Novice: 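Encoded as structure tokens, here's the structure I'll be asking about.
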Amino acid sequence: PDAADDLRAAQFEFERAAAGLSKITTGVRRDLPVEILPSAQKDALVKWEEGRVALNKFFAVLNDTTGLNELKPVPAAGPNQNQEYGRSEKRYFELMKKTKLCQNRGGPALSQAWGQLMVSGYLQDS
């Protein structure tokens, strides 16, 4: 029960930060040239940091509970953030390319139908 309570508390902290971030950025779109107030930008960064800390707390509790160290914490913003995070930019771009390729072919719904056709085709040959 302790781990469940800690996970739930971290989840609520993250959700509060995400809701606050959503409230601050309401009406701001990436594709529209809108003037963003400096105070709103500072508030958004504060909420982002709160969310990052809550997510890291969730990851830490989950890692401790399972005995694994699979979920890596998200490091604070800084000049060496990418090195601390330990993720490969090359692998990320490969994933994005594969995702776009899948979407161009009809996405997951169509790929399942194609997969069933392929399986039925293999069964008919034998």
Side-chain angles (χ1 to χ4, degrees):
D2 284 340
D5 293 340
D6 292 342
L7 285 173
R8 179 70 92 185
Q11 176 188 350
F12 286 152
E13 283 180 42
F14 180 79
E15 288 174 357
R16 275 193 299 274
L21 185 61
S22 176
K23 190 174 186 179
I24 291 168
T25 58
T26 299
V28 177
R29 304 184 106 159
R30 293 193 321 182
D31 57 345
L32 296 176
V34 177
E35 185 67 31
I36 300 173
L37 298 174
S39 62
Q41 193 174 14
K42 288 178 186 172
D43 293 342
L45 288 173
V46 167
K47 290 296 180 186
W48 175 266
E49 184 64 19
E50 287 176 13
R52 183 191 71 79
V53 169
L55 185 65
N56 285 344
K57 190 182 299 183
F58 186 87
F59 287 169
V61 171
L62 200 58
N63 282 338
D64 290 343
T65 303
T66 60
L68 302 172
N69 194 18
E70 292 293 318
L71 300 173
K72 306 293 183 212
V74 179
N80 58 350
Q81 181 182 18
N82 289 340
Q83 288 80 18
E84 289 180 23
Y85 195 45
R87 300 285 192 235
S88 168
E89 201 169 338
K90 181 181 174 186
R91 290 180 67 190
Y92 172 76
F93 284 123
E94 285 296 319
L95 173 67
M96 299 291 21
K97 285 179 9 185
K98 288 179 182 177
T99 302
K100 291 293 181 190
L101 189 62
C102 179
Q103 289 170 346
N104 289 340
R105 291 181 177 163
L110 190 58
S111 68
Q112 184 167 0
W114 276 110
Q116 289 174 350
L117 286 173
M118 295 291 280
V119 168
S120 64
Y122 286 133
L123 293 177
Q124 289 175 359
D125 288 345
S126 54

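Bear in mind the structure is a predicted one, so any value in this text is a computation, not a measurement.
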Novice: Could you list the donor-acceptor pairs under 3.5 angstrom formed by side chains in residues 16-24, with sequence neighbours left out?
Specialist:
none

Novice: Give me the other members of the hydrophobic cluster that F93 sits in, counting Ile, Leu, Val, Met, Phe, Trp and Tyr linked by side-chain heavy atoms under 4.5 Å, directly or via other members.
Specialist: Y92, M96
Novice: Please name the pair of heavy atoms, one in L71 and one in N63, separated by the smallest distance, quoted to 0.1 Å.
Specialist: O-ND2, 2.7 Å
Novice: What side-chain donor-acceptor pairs closer than 3.5 Å can you find for residues 40-48, not counting sequence neighbours?
Specialist:
{"from": "K47", "atom 1": "NZ", "to": "E50", "atom 2": "OE1", "distance (Å)": "3.4"}

Novice: Can you list the residues that meet the side-chain contact (heavy atoms from CB on, under 4.5 Å) rule with T66, with sequence neighbours excluded?
Specialist: L68
Novice: So which pairs with a foot in residues 55-80 pass salt bridge (charged side-chain N to carboxylate O under 4.0 Å, His left out), sequence neighbours left out?
Specialist: E13-K57
Novice: Can you sort out the partners of L55 under side-chain contact (heavy atoms from CB on, under 4.5 Å), two or more places apart, ordered by chain and number?
Specialist: F14, F59, V74
Novice: Output yes when E94 and K97 qualify as a salt bridge under the 4.0 Å nitrogen-oxygen rule, no when they do not.
Specialist: yes
